[in-house]
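In the text below, chain A, chain B and the rest are named by the order of the sequence lines, each starting its count at 1.
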There are 2 protein chains.
Amino acid sequence: MGVRKMRAAGTREALKAAARAQFVERGYLNTKITDITSAAGRATGVFYDHFTDKEQLLNELLAEMHSQARERLAGQAHPREHDLTDRAQLREHLGATWHVMRDNLPVMTALFESTMSAGPSSDRAWRSLTGDTAVIRAHLDWLRESGHQLPGDPTLIAAAIGGMLSMLGYAVLSSGATDLSDDEIVDSLTAFVLHGLAGPGATADPRS
Amino acid sequence: MGVRKMRAAGTREALKAAARAQFVERGYLNTKITDITSAAGRATGVFYDHFTDKEQLLNELLAEMHSQARERLAGQAHPREHDLTDRAQLREHLGATWHVMRDNLPVMTALFESTMSAGPSSDRAWRSLTGDTAVIRAHLDWLRESGHQLPGDPTLIAAAIGGMLSMLGYAVLSSGATDLSDDEIVDSLTAFVLHGLAGPGATADPRS
DNA sequence: GTCTATAGTAAGATAGAC
DNA sequence: GTCTATCTTACTATAGAC
């Protein structure tokens with residue numbers, strides 16, 4: 001790679017880093033092209049030498065996040081036959097999701113805003129939700145096939161779990177509004193998703 | 001009320017009705033002032049004789065929704081001592097929320113978009129979520145005081161339930177993407193929130 | 001109160017020098 | 001590749017006639 005291309009790559013990365021910073025600070029929708037370039041210490045026009053528009057930049061950041069997440073999960077066997085009614089396996093799933101959200105807060109929140117701004121009639125929220133929860137749904141399908149009684153349609157329940165996680169993740173992670181630790185939160189969500197409000201039935205733990 | 005004021009009131013209502021229609025069709029953020037006025041069959045400038053801006057209009061629609069919801073619940077006793085671990089009482093709560101969302105889809109989705117567009121650093125999502133789930137939290141507090149073991153901090157669990165409902169409501173109601181009926185959805189959510197994925201413990205229903 | 005016409009503003013996008 | 005300067009567009013908001 002020649003020196004010209006290296007500088008260019010540097011600028012490209014600088015723009016992406018600046019974009020991430022601006023997205024958490026101002027929000028994706030309120031971030032103007034000039035906010036990104038000036039935060040990166042570059043001139044306005046440079047942006048268009050690297051990206052066609054803000055949306056394309058977001059797509060690139062998104063792709064990075066996905067490949068990063070894939071990398072993180074690579075090597076770990078992840079069969080459809082995970083048992084989400086097993087506390088440890090459920091916790092593993094919820095914890096992984098939570099930490100991916102935390103680690104990629106700028107991109108996660110930007111995606112959220114972008115999805116919302118597409119408007120209700122676009123179906124984008126539903127497609128995102130079902131897409132992002134396809135893995136959960138596969139596990140639920142398997143549970144059902146194994147004879148386990150689910151609370152409802154696997155796609156719906158998976159979407160419900162995904163909606164809970166994403167909305168709560170957005171609200172909590174972006175605001176730092178609670179003093180609960182990540183572990184406490186994931187523990188609580190695990191207990192809730194596992195046994196709901198009523199608790200583990202007859203084997204209730206008498207701690208208050 | 002004189003005839004002049006009546007026409008004005010008519011225009012005001014026409015603008016609000018047009019706004020609702022546009023909000024579901026284009027989304028709140030993408031709806032321009034001129035979209036509203038022309039859908040109402042009025043001139044652009046008229047808008048500013050009735051509202052200062054789009055946000056104020058939304059606040060007015062929101063107030064209407066709230067008073068409507070309050071009216072609906074009026075007369076029904078609603079003490080803090082509701083037992084959310086009772087299936088019927090839980091279903092009542094979830095169903096009421098679901099139907100308020102459906103009945104006020106334009107306003108609900110607009111509020112959603114508006115909240116998101118405030119950006120992550122604004123805390124607005126967290127404040128909305130905790131505010132809207134204050135009632136649930138009160139019920140959970142009471143449960144805990146009665147010696148029931150909750151899955152986690154009441155504010156967090158209430159927010160989790162609220163996040164699940166609002167995200168799922170937005171995705172499902174705005175898209176009509178599923179063929180499940182409202183009753184089926186509310187039943188499923190009730191079962192899920194009540195007993196989670198593991199089901200009602202030892203008393204599991206052997207239907208598959 | 002409502003209209004038409006227009007001023008004002010903000011941001012996206014590009015042209016051309018270096 | 002990067003810069004400065006500018007063009008363009010889209011929308012908000014107001015002014016003034018009716």
With Phe112(B), which residues qualify under ring pair (Phe, Tyr, Trp, His ring centres under 6.0 Å), at least two apart? Tyr170(B)
Checking dT12(D), dC3(D), dT2(C) against the side chain of Lys32(B) (C-beta onward), the nearest is dT12(D)
Mind telling me whether His139(B) and His82(B) have parallel, tilted or perpendicular rings, with 30° and 60° as the class edges? parallel
Nucleotides 13-18 of chain D: protein proximity per nucleotide (B base, S sugar-phosphate only, - neither; heavy atom, under 4.0 Å): BB----
Take atom CG of Asp49(A) and atom C1' of dA13(C), then tell me their distance rounded to the nearest Å. 12 Å
Starting the side chain at C-beta, find the nucleotide from dC11(D), dC3(D), dT2(D) nearest to Ala43(A). dC3(D)
Regarding the side chain of Thr11(B), the nearest nucleotide among dC11(D), dT2(C), dA11(C) is dT2(C)
Given atom CD1 of Ile36(B) and atom C1' of dT2(C), what is their separation to the nearest angstrom? 17 Å
Provide, to the nearest angstrom, the distance between the CG atom belonging to Leu29(B) and the C1' atom belonging to dC11(D). 14 Å
When rounded to the nearest 0.5 angstrom, what distance separates CD in Gln22(A) from NZ in Lys54(A)? 11.0 Å
Taking Arg42(A) as the fixed residue, which of Thr11(A), Asp49(A), Thr37(A) is the one that meets the side-chain hydrogen bond (donor to acceptor under 3.5 Å, both in side chains) rule? Thr11(A)
Under 4.0 angstrom between His50(B) side-chain N/O and dG1(C) OP1 or OP2: no
Gap separating the CG atom of Leu197(A) from the NE2 atom of His148(B), nearest 0.5 angstrom: 7.0 Å
Whole-Å distance separating the CG atom of Asp35(A) from the C1' atom of dA11(C): 10 Å
Find the distance Glu13(A):CD to dG1(D):C1' and express it as a whole number of Å. 16 Å
Between Ser175(A) and Arg127(B), is any side-chain donor less than 3.5 angstrom from a side-chain acceptor? no
